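One-based numbering along the sequence shown. This is a predicted model, so every value here is computed, not measured.
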Amino acid sequence: MEDRSAKYRAFYAQLICAAAKTTDTRIEQAFRAVRREPFAGPGPWSIALGGHPYVVTPDDDPAFLYQNTLLALDPARGLNIGMPGAHAYWLGGCGVREGETVIQIGAGSGYYTAILAHLVGPGGRVHAYEIDERLAALARENLKDIAHVDVRERSGIASDLPAADVIYVCAGAAQPAAEWLEALRPGGRLVFPLAPEGMLGGMLMITRPEEGAIWPAKFLSRAQFIGCAGLQDADAGRRLAEAFARGWESVRSFRREDAPDETCWFAGEGWWLSTAPAAVPAEAINPHADITQA
């Protein structure tokens with residue numbers, strides 16, 4: 001069975017990198033190396049394409065796991081291991097490098113934690129936060145043999161977050177948590193779904209500059225996630241839906257000082273997104289509009 005799984009993973013890694021339009025061989029190697037079986041749990045499994053009903057696999061053949069689909073962890077709550085092609089694209093966008101420290105918010109059963117651990121290598125570190133007790137226990141068991149990963153069973157919105165080069169958020173929010181912004185090192189990238197629960201939003205990447213209050217920012221793609229507890233806001237969700245309806249590709253910077261001006265795309269409480277660039281532009285990556293759900 002292991003030989004079959006290795007064959008499936010090799011094809012799957014190529015498939016999702018093609019879907020993500022990435023040529024980064026490190027991302028393909030990570031998806032090829034990490035087995036999905038431990039993170040999926042025993043089959044049969046419920047799988048889906050974004051926005052469509054779950055379909056239950058006829059048996060526990062691991063071939064069903066190695067597709068570019070959502071894989072349910074809790075179908076009743078719509079809680080999934082996200083679309084691999086979407087995550088491959090977002091990981092390529094934020095450029096996780098060897099030796100970096102990553103904070104992951106919303107680890108689930110730990111599959112993308114393991115992918116991140118592969119990307120940073122033994123010289124890096126991954127701090128994974130998962131507020132759901134059952135999922136945190138699964139993640140801790142699944143990741144116990146990776147020495148440079150630790151799983152924390154609590155909210156990832158806290159003042160004691162470690163300093164990080166990348167913060168990778170797998171839960172939708174109406175705003176970036178101030179704690180995430182403060183934890184970023186200069187040059188660090190925050191990637192999170194600006195998408196309140198139940199809303200199609202966008203995966204936003206904000207880069208902390210060496211100095212200054214204007215941070216490079218851009219949407220990598222559209223995105224929809226289960227909501228992040230503590231970062232929901234019905235009014236912001238309504239206004240964000242209106243902003244996305246007017247377009248999203250023009251966002252170029254994130255600002256926490258000064259009043260919003262005519263370049264404002266969306267204004268939250270104490271922050272806003274502008275169509276004007278920061279002094280240092282965000283790293284070039286073509287937006288991928290057809291990636292939506294994770």
Side-chain angles (χ1 to χ4, degrees), residues 39 72-74 76-82 86-87 90-91 94 96 100-117 120 124-144 146 148-185 188-199 201-206 208 215 223-237 240 254 256 268-271 293-294:
F39 304 96
L73 292 172
D74 187 337
R77 290 194 289 163
L79 189 59
N80 308 302
I81 297 176
H87 283 275
W90 298 327
L91 291 169
C94 64
V96 180
E100 289 192 315
T101 296
V102 177
I103 295 173
Q104 183 193 18
I105 310 295
S109 64
Y111 177 64
Y112 291 110
T113 318
I115 297 291
L116 287 164
V120 302
R125 189 78 190 173
V126 180
H127 305 284
Y129 290 77
E130 175 52 60
I131 199 170
D132 185 286
E133 180 180 356
R134 183 183 70 87
L135 291 177
L138 288 172
R140 189 173 292 109
E141 175 64 22
N142 290 332
L143 300 164
K144 65 183 180 182
I146 307 178
H148 57 290
V149 169
D150 64 274
V151 178
R152 306 181 182 194
E153 186 191 315
R154 62 184 180 91
S155 171
I157 305 172
S159 59
D160 61 347
L161 295 179
D165 302 294
V166 176
I167 300 178
Y168 191 72
V169 183
C170 300
Q175 60 189 3
E179 293 86 352
W180 300 343
L181 299 170
E182 296 304 321
L184 279 182
R185 293 171 173 149
R189 291 85 70 204
L190 166 62
V191 179
F192 81 103
L194 185 62
E197 189 158 22
M199 182 195 133
M203 201 67 158
L204 181 65
M205 183 172 74
I206 301 170
R208 182 168 190 163
W215 298 20
Q224 184 169 0
F225 276 76
I226 192 167
C228 183
L231 292 175
Q232 302 302 306
D233 184 313
D235 176 66
L240 276 168
F254 169 83
R256 301 176 75 184
E269 187 173 347
W271 63 277
Q293 194 166 6

Check: Of all heavy-atom pairs between Ala223 and Ala195, which one has the smallest distance, and what is that distance?
Finding: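 So the minimum-distance heavy-atom pair works out to O-CB, 3.7 Å.
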Next item on the list: Would you name the heavy atoms of Tyr112 and Gly82 that are closest together and state the gap between them?
Entry: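 It is OH-O, 2.6 Å.
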Check: Do Arg154 and Ile131 have side-chain heavy atoms sitting under 4.5 Å apart?
Finding: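 They are not in side-chain contact.
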Next item on the list: Taking all non-hydrogen atoms of both residues into account, name the closest pair between Gly172 and Phe225 and its distance.
Entry: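 Result for this residue pair: N-CB, 3.4 Å.
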Next item on the list: With side-chain contact (heavy atoms from CB on, under 4.5 Å) as the test, would you mind laying out the steps for Val120 and Asp165 before giving the verdict?
Entry: CA-CA 11 Å; Val120 302; Asp165 302 294; over 6 Å; no
Item checked: CH2 on Trp271 to CD1 on Ile206, rounded to 0.5 Å ->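 Output value for this atom pair is 7.5 Å.
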Margin query: Rounded to the nearest 0.5 Å, what separates atom CZ in Phe192 from atom CD in Gln175?
Written below: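 Here the rounded value is 8.5 Å.
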Item checked: Heavy-atom pair with the smallest gap, counting every atom of Val149 and Ala117 ->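 Scanning both residues, the minimum pair turns out to be CG2-CB, 3.5 Å.
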Next item on the list: Work out which heavy atom in Arg208 is nearest to a heavy atom in Leu181; give both atom names and the distance.
Entry: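 For Arg208 versus Leu181, the nearest heavy atoms are NH1-O, 3.3 Å.
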Note to self: So, taking the atom named CD in Gln104 and the one named NE2 in His127, what distance separates them when rounded to the nearest 0.5 Å?
What the structure shows: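 Separation between the atoms: 12.5 Å.
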Item checked: For Asn80 against Ala72, the heavy-atom pair lying closest together ->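 Taking Asn80 first and Ala72 second, the nearest heavy atoms are OD1-CA, 3.5 Å.
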Notebook entry, point to check: Hey, is the main chain of Ser159 close enough, under 3.5 Å, to the side chain of Glu179 for a donor-acceptor pair?
Noted result: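 A pair under 3.5 Å: no.
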Next item on the list: Kindly compute the distance separating OG (Ser109) from CG (Asp74), expressed to the nearest 0.5 Å.
Entry: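 Going from OG on Ser109 over to CG on Asp74, the span is 11.5 Å.
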Checklist line | Sub-4.5 Å side-chain heavy-atom contact between Cys228 and Ile157 | finding: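 Contact flag for Cys228/Ile157 side chains = yes.
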Next item on the list: Evaluate the side-chain proximity of Leu73 to Tyr111: yes if any heavy-atom separation is below 4.5 Å, no if none is.
Entry: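 Of all side-chain heavy-atom pairs linking Leu73 with Tyr111, none is under 4.5 Å.
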Checklist line | With Asp150 via salt bridge (charged side-chain N to carboxylate O under 4.0 Å, His left out) - residues at least two apart | finding: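 Result, salt bridge (charged side-chain N to carboxylate O under 4.0 Å, His left out) vs Asp150: Arg125, Arg152.
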Check: Going through the checks in order, is the side-chain contact (heavy atoms from CB on, under 4.5 Å) test met by Tyr168 and Ile115?
Finding: CA-CA 12 Å; Tyr168 191 72; Ile115 297 291; over 6 Å; no
Margin query: Once side-chain contact (heavy atoms from CB on, under 4.5 Å) is applied, do any residues pair with Ala114, and if so which ones, sequence neighbours excluded?
Written below: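 Scan of Ala114 (side-chain contact (heavy atoms from CB on, under 4.5 Å), adjacent residues dropped) gives Val34, Phe39, Leu143, Ile146.
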Next item on the list: Indicate yes or no: at least one non-hydrogen side-chain atom of Glu269 is less than 4.5 angstrom from one of Asp233.
Entry: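 Contact flag for Glu269/Asp233 side chains = no.
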Item checked: Spatial distance of atom CG (Leu161) from atom CH2 (Trp180) [nearest 0.5 Å] ->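 The CH2 atom of Trp180 is 9.5 Å from CG of Leu161, to the nearest 0.5 Å.
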Checklist line | Positive for side-chain contact (heavy atoms from CB on, under 4.5 Å) with Val169, one of Leu231, Ile105, Ile103, Leu194 | finding: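 Between Val169 and the candidates, side-chain contact (heavy atoms from CB on, under 4.5 Å) is satisfied uniquely by Ile105.
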Next item on the list: Check whether any side-chain heavy atom of Leu190 lies under 4.5 Å from a side-chain heavy atom of Leu204, and answer yes or no.
Entry: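 Side chain of Leu190 against side chain of Leu204, heavy atoms only: no contact under 4.5 Å found.
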Check: CD of Glu153 to CZ of Arg140: how many Å apart, nearest 0.5 Å?
Finding: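 Answer rounded to 0.5 Å: 6.0 Å.
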Next item on the list: For residues Leu240 and Met199, determine if any side-chain heavy atom of one lies less than 4.5 Å from a side-chain heavy atom of the other.
Entry: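 In short, these two side chains touch, coming nearer than 4.5 Å.
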Notebook entry, point to check: Salt bridge or not for Arg256 and Glu182, using N-O below 4.0 Å?
Noted result: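 Glu182 and Arg256: salt-bridged.
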Check: How far apart are the C-alpha atoms of Val151 and Thr113, what are their side-chain angles, what is the distance that settles it, and do they pass the side-chain contact (heavy atoms from CB on, under 4.5 Å) test?
Finding: CA-CA 9 Å; Val151 178; Thr113 318; 5.6 Å; no
Note to self: Holding to salt bridge (charged side-chain N to carboxylate O under 4.0 Å, His left out), I want the full list of residues that pass it with Glu100, two or more places apart in sequence or in another chain.
What the structure shows: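 Salt bridge (charged side-chain N to carboxylate O under 4.0 Å, His left out) check on Glu100 returns Arg97, Arg189.
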